[in-house]
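Encoded as structure tokens, the structure appears first; notes follow it.
It should be emphasised that the depicted structure is a prediction, and the values quoted were computed from it without experimental measurement. Each ligand, and each atom within it, is numbered from 1 in the order the structure gives.
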Amino acid sequence: MTDCLFCRMVAGEIPADVVHQTDRVLAFRDINPQAPTHVLVIPKEHHATVGALVEADPVLLSDVVAAAHAVARQEGLVSGEGAEPGYRLVTNTGPHGGQTVDHLHLHVLGGRGLGWPPG
Ligand code: AMP
Ligand code: ZN
């Protein structure tokens, strides 16, 4: 059995509030939301970081980004062809990036003005 939290969520061993999935990608609400919409989008297969995934399977990374955009549409963060009101995609890598779960995930954040730059 894996000790990776997100692999265990994919396996159904730990509950996830799933909002979207495909055969290769899972999207679920963050347990500690930082914005009105805060969804995590992951490949079902384990890859540690965005860099690892783009080297191993760039098509799967594209699928993850497409799923993040589908979630943004579903959550009303964008409509039609537009970018209004908008959203943010974040992926953290390593300790300086603030990565706490070593299974690549995109954060989809929206529902309020997020400001820039981040802290
Ligand atoms: P990061 O710090 O970029 O690695 O993000 C990890 C994210 O996973 C954080 O925003 C956590 O709130 C979130 N998280 C941790 N455990 C769970 C869980 N069981 N269900 C949903 N989200 C979680
Ligand atoms: Zn994993």
Side-chain angles (χ1 to χ4, degrees):
M1 184 175 68
T2 176
D3 62 0
C4 172
L5 174 65
F6 289 172
C7 282
R8 295 187 68 187
M9 291 173 81
V10 170
E13 296 168 9
I14 292 174
D17 185 357
V18 173
V19 297
H20 176 81
Q21 67 177 311
T22 69
D23 57 334
R24 301 192 79 193
V25 178
L26 184 68
F28 54 89
R29 295 198 191 279
D30 196 291
I31 204 168
N32 182 24
Q34 303 300 310
T37 291
H38 188 172
V39 171
L40 301 177
V41 184
I42 68 171
K44 290 183 175 178
E45 190 176 283
H46 183 92
H47 296 271
T49 67
V50 67
L53 179 55
V54 77
E55 289 183 359
D57 191 343
V59 172
L60 180 54
L61 177 58
S62 173
D63 289 349
V64 173
V65 174
H69 188 58
V71 167
R73 282 181 178 278
Q74 190 177 303
E75 294 283 311
L77 306 181
V78 287
S79 58
E81 298 303 311
E84 305 289 336
Y87 64 95
R88 180 170 295 163
L89 293 185
V90 173
T91 186
N92 299 322
T93 297
H96 279 194
Q99 185 173 12
T100 60
V101 178
D102 290 338
H103 180 134
L104 164 70
H105 46 286
L106 299 188
H107 297 256
V108 181
L109 295 153
R112 65 170 171 83
L114 294 164
W116 189 261

Nearest protein heavy-atom contact for atom 4 (O) of ligand 1: which residue, which atom, what distance? Thr100 N, 2.7 Å
Among all the protein's non-hydrogen atoms, which is closest to atom 10 (O) of ligand 1, and how far away is it? Asp30 OD2, 2.5 Å
Between His38 and Pro33, which heavy-atom pair has the shortest distance, and what is it? ND1-CA, 3.5 Å
Checking His105 side chain against His103 main chain: does a donor-acceptor pair fall under 3.5 Å? yes
Using distance alone, decide if ligand 1 has a nitrogen or oxygen within less than 3.5 Å of any nitrogen or oxygen in Leu40. no
Hey, is Asp17 touching ligand 1 through its side chain, its backbone, both or neither, going by heavy atoms under 4.0 Å? neither
When the ring planes of Tyr87 and His69 are compared, do they come out parallel, tilted or perpendicular, using 30° and 60° as the limits? tilted
For atom 20 (N) of ligand 1, closest protein heavy-atom neighbour: Met9 CE, 3.5 Å
Hphob cluster co-occupancy, Leu26 + Leu40, side-chain heavy atoms under 4.5 angstrom: yes
Got an N/O contact under 3.5 Å between His38 and ligand 1? no
Polar contact flag for Phe28 and ligand 1 (N/O pairs, less than 3.5 Å): no
Hey, is there an N, O or S on His47 sitting under 2.8 Å from the Zn ion (ligand 2)? no
min-distance protein heavy atom vs atom 16 (N) of ligand 1 -> Leu5 CD2, 3.3 Å
Nearest non-hydrogen partners of Val41 and Ala67, listed with the distance: CG1-CB, 3.9 Å
Backbone of Gly115 reached by a side-chain donor or acceptor of Arg88 within 3.5 Å: yes
Starting from atom 22 (N) of ligand 1, locate the nearest protein heavy atom and write down its residue, its atom name and how far away it is, to 0.1 Å. Ile31 N, 3.1 Å
Do the side chain of Gln99 and the main chain of Gly94 share a donor and acceptor less than 3.5 angstrom apart? yes
Considering only protein heavy atoms, which is closest to atom 1 (P) of ligand 1, and at what distance to one decimal place? His105 NE2, 3.1 Å
I need the minimum non-hydrogen distance between Gln34 and Arg112, along with the two atoms involved. O-NH2, 2.7 Å
